[in-house]
Protein chains: 2
Amino acid sequence: MRQDGDLISRLSEQGYRLTPQRMLVLSAIANSDHHISAEEIYAQVVAKYPYVNISTVYRTLDLLKRLDLVTETDLGGGRVRYHPVDKGHHHHLVCQECGAIIDLDESVLSSLQSHLLREYKFSADLRHLAIFGRCTNCNQ
Amino acid sequence: MRQDGDLISRLSEQGYRLTPQRMLVLSAIANSDHHISAEEIYAQVVAKYPYVNISTVYRTLDLLKRLDLVTETDLGGGRVRYHPVDKGHHHHLVCQECGAIIDLDESVLSSLQSHLLREYKFSADLRHLAIFGRCTNCNQ
DNA sequence: AAAACTTATGCAAGCATTTGCAATTAAAAC
DNA sequence: GTTTTAATTGCAAATGCTTGCATAAGTTTT
Ligand SMILES: [Zn+2]
Ligand SMILES: [Zn+2]
Ligand SMILES: [Zn+2]
Ligand SMILES: [Zn+2]
């Protein structure tokens, strides 16, 4: 289990207030090793501090995205999932049929990244992508 | 302006009913050359047939996706957009800062596609993708 | 330490999309 | 051509997420 200290210090360095709500959201993200959803974060936060509103959770997530501290990825299942950037970059293949998720090293997309930068001068945000499709089993 | 005949015949070939609602949704998609949203489709449909519900539009879009006749792509702006598959494959680079959209030939992702198939036996659905990031102007 | 200003939160309403269910419509069986 | 069965729709409610606005909490200025 990791500390959430680095996330928290990054926040205060940038001049944002360290409210109890924000600390709890940060904690929930930093201490989760899978890809956590807003509702899971909210449940953890509310357990310790009952008067938090889910919109505060979403606003904190928004802030963390802007500061490049967490990524937001649609892995299917109707809700978006969050992951701390400093826990390492990778991607996922998501089977639309059975829901299976295959993990991918970040290097798989690095040649695409540099191609887009070279040919289109476009700096693509490919930090934590989900690519949908069909796995072997489900592809007939 | 294209005919919607091919979309319609594909539907009936597969044993689905050609209800007025479906015909109007199909028409709206086939006759739009940009990437049309559910609400734009709904507006066009309602103009000709006032008693249609937006959930029917969404259900028809769902059907068309399952039959591989339209793609659904998030190009930003808070609503998803639809495009007929038979109007040609391509992709987009979407600037998160200014909203600019750069068009991409489908070939840009074909080596990724074959890499994923070869190495992971995963058949990725890369028919109409939006890649987010920053354009030259907005990248400092 | 008040006053003035800024930031962050809670609440309620809103938005895009989905879902459950009962009513309608069409196709199939008799 | 009725009855039976299946597909499709409309409606209302639900879901995940966002936004506007007034209150609250924290900072800065005086
Ligand atoms: Zn991941
Ligand atoms: Zn699968
Ligand atoms: Zn397109
Ligand atoms: Zn831009």
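Here is how names work: the chains are called A, B, and so on, in the same order as the sequence lines, proteins then strands, and each is numbered from 1.
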Donor-acceptor pair, distance only, cut-off 3.5 Å: does the side chain of S110(B) make one with the backbone of S107(B)?
yes
Rounding to 0.5 Å, atoms CG (L61(A)) and CZ (R59(A)) come to a distance of 12.0 Å
task = Check whether any side-chain heavy atom of Q44(A) lies under 4.5 Å from a side-chain heavy atom of I36(A), and answer yes or no.
result = yes
Of L63(A) and T19(B), the one whose closest nucleotide on DNA chain C sits nearer the 5' end is L63(A)
Distance test, side-chain N/O of [X] to OP1/OP2 of [N], below 4.0 Å:
| X | N | result |
| --- | --- | --- |
| Q21(B) | dG10(D) | yes |
| R17(A) | dT6(C) | no |
| T56(B) | dT9(D) | no |

What nitrogen or oxygen pairs link the protein and nucleotides 14-20 of chain C at under 3.5 Å?
unit_1	atom_1	unit_2	atom_2	d
dA16(C)	OP1	R79(B)	NH1	3.4
dA16(C)	OP1	R79(B)	NH2	2.2
dA16(C)	OP2	E39(B)	OE1	3.4
dT17(C)	OP1	V80(B)	N	3.0
dT17(C)	OP2	Y58(B)	OH	2.3
dT17(C)	O5'	Y58(B)	OH	3.1
dG20(C)	O6	R59(B)	NH1	3.3

For atom [atom1] of [X] and atom [atom2] of [N], their distance in whole Å:
| X | N | atom1 | atom2 | result |
| --- | --- | --- | --- | --- |
| Y42(A) | dG10(C) | OH | C1' | 10 Å |
| L18(A) | dT7(C) | CG | P | 15 Å |
| R22(B) | dA7(D) | CZ | P | 11 Å |
| D74(A) | dC17(D) | CG | C1' | 13 Å |
| L67(B) | dA7(D) | CG | C1' | 14 Å |
| L61(A) | dA8(C) | CG | C1' | 15 Å |

Sequence neighbours excluded, the answer for ring pair (Phe, Tyr, Trp, His ring centres under 6.0 Å) partners of H91(B) is none
Overall bend of the helix from dA1(C)-dT30(D) to dC30(C)-dG1(D) (five pairs an end, 10° steps) is 10°
Side-chain heavy atoms under 4.5 angstrom apart, residues restricted to Ile, Leu, Val, Met, Phe, Trp, Tyr: same cluster for L63(B) and L69(B)? yes
query: Linking I/L/V/M/F/W/Y whenever any side-chain heavy atoms sit under 4.5 Å apart, do Y16(A) and V52(A) land together?
result: yes
Exactly one of R127(B), H34(B), H35(B) clears side-chain contact (heavy atoms from CB on, under 4.5 Å) with H83(B), and that residue is H35(B)
Using a strict cut-off of less than 4.0 Å between a Lys/Arg side-chain nitrogen and an Asp/Glu carboxylate oxygen, indicate whether D62(B) and K65(B) qualify as a salt bridge.
-> yes
Legend entry - Ring centres under 6.0 angstrom apart (H128(A), H89(A)): no
